[in-house]
Amino acid sequence: MRKIINIGMITLLSISAITAGEIKGNVKYIGKVRKAKLIRMDADPVCAASHQEAAKNEKMVVDADGNMANVIVYLKGVKYSGKAPSNEVIIDQKGCVYSPHVFGVQAGQPVKILNSDATMHNIHGLPKVNKEFNFGMPKSLKEKSVTFSKAEDVFVIKCDVHPWMKSYTQVFDHPYFAVSGSDGSFSISNVPDGTYEAIAWQEKFGTKRLMSKKVTVKGGNAELNFSFEPPKKK
Ligand SMILES: [Cu+2]
């Protein structure tokens, strides 16, 4: 009798371990797409000279079809016991803008900071849960590395030399997150079967109008779409 129960449990465990799926979707902006403002970099001639056409403000990156980039989509409250990946997330200071403008990273995963510019940057991360960091990166210093030890909601990383330089990051204690690309699409893979609360964060809409949706994964692909709307006029 005991044997049968054990075999049953092992079978059950192995099925749940291999049953996982991919969450795929798209983020749209439902509203009039305004032209992005151009960034004035006159304060630093090296920055200004690195652009033939002025760089665009990235607070809202939406294409002509309403596809919205730079939106963090993640599953909330997921228990995950795996290790943080050892591969680095790279953030570059290039043309006096941060690339990427928005990124996600796992707690304990290294973040490599590059300075591709021939000018001085001072990168200043302003987390509340994790340790603040703040250091100058003169043109001779091409690489630095930081890690965040705990999960934390979105915070800003800015440059104290160039006030227009901002990047946003969120630290996760699991790998189930993604940032939408320029076509608005995202995918989160290897998600164990289950029903989750999914959240979408966007820089302009921020956390006040956090978007939340239920998503169920049951092998194969699960679809999850978000759309942001401008606030209704009263
Ligand atoms: Cu800078």
Side-chain angles (χ1 to χ4, degrees), residues 34-63 68-72 74 84-172 177-182 186 201-208:
R34 294 222 175 94
K35 261 193 175 176
K37 282 187 182 154
L38 302 178
I39 303 172
R40 294 195 60 159
M41 297 187 180
D42 316 8
D44 187 331
V46 175
C47 297
S50 62
H51 295 273
Q52 288 201 318
E53 284 175 40
K56 288 176 183 154
N57 182 296
E58 293 175 284
K59 209 175 178 86
M60 263 187 68
V61 180
V62 182
D63 73 10
M68 203 174 204
N70 289 344
V71 177
I72 304 176
Y74 63 98
S86 55
N87 65 306
E88 296 154 315
V89 174
I90 294 170
I91 175 168
D92 196 2
Q93 303 166 104
K94 196 175 182 189
C96 300
V97 291
Y98 289 117
S99 173
H101 182 64
V102 173
F103 66 97
V105 60
Q106 270 183 256
Q109 183 178 15
V111 177
K112 192 188 204 173
I113 304 162
L114 303 179
N115 180 5
S116 297
D117 289 333
T119 192
M120 159 96 175
H121 293 293
N122 189 99
I123 188 157
H124 189 174
L126 293 160
K128 290 192 177 80
V129 176
N130 286 287
K131 226 177 131 200
E132 187 176 335
F133 65 91
N134 185 4
F135 43 80
M137 287 184 76
K139 59 184 179 184
S140 56
L141 183 59
K142 292 292 167 210
E143 240 180 84
K144 279 282 253 184
S145 189
V146 293
T147 52
F148 304 106
S149 58
K150 289 176 190 143
E152 179 166 359
D153 285 346
V154 177
F155 58 88
V156 68
I157 295 173
K158 66 185 183 91
C159 176
D160 290 338
V161 182
H162 308 110
W164 62 83
M165 287 180 73
K166 277 178 184 161
S167 174
Y168 294 85
T169 188
Q170 180 159 353
V171 187
F172 296 93
F177 60 89
V179 178
S180 64
S182 54
F186 64 87
W201 173 93
Q202 200 277 340
E203 179 180 342
K204 189 182 162 81
F205 289 86
T207 49
K208 276 183 193 157

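When a residue number appears, it is its place in the shown sequence, counting from 1. First listed ligand is number 1; within each ligand, the first listed atom is number 1.
For an aromatic pair to be called close, the ring centres must be under 6.0 Å apart, and Y74 with F172 satisfies this.
Residues D44 and T119 bring a donor and an acceptor atom of their side chains to less than 3.5 Å of each other. No donor-acceptor contact under 3.5 angstrom links the side chains of Q93 and D117, judged on distance only. A donor-acceptor contact closer than 3.5 angstrom links the side chains of D160 and H124.
Disulfide check for C159/C96 fails, with the SG atoms at least 2.5 Å apart.
The distance cut-off of 2.8 Å around the Cu ion (ligand 1) captures these protein N, O or S atoms, sorted by chain and number: H121 ND1, C159 SG, H162 ND1, M165 SD.
We find that R40 and D42 are joined by a salt bridge, their nearest charged nitrogen and carboxylate oxygen being less than 4.0 Å apart.
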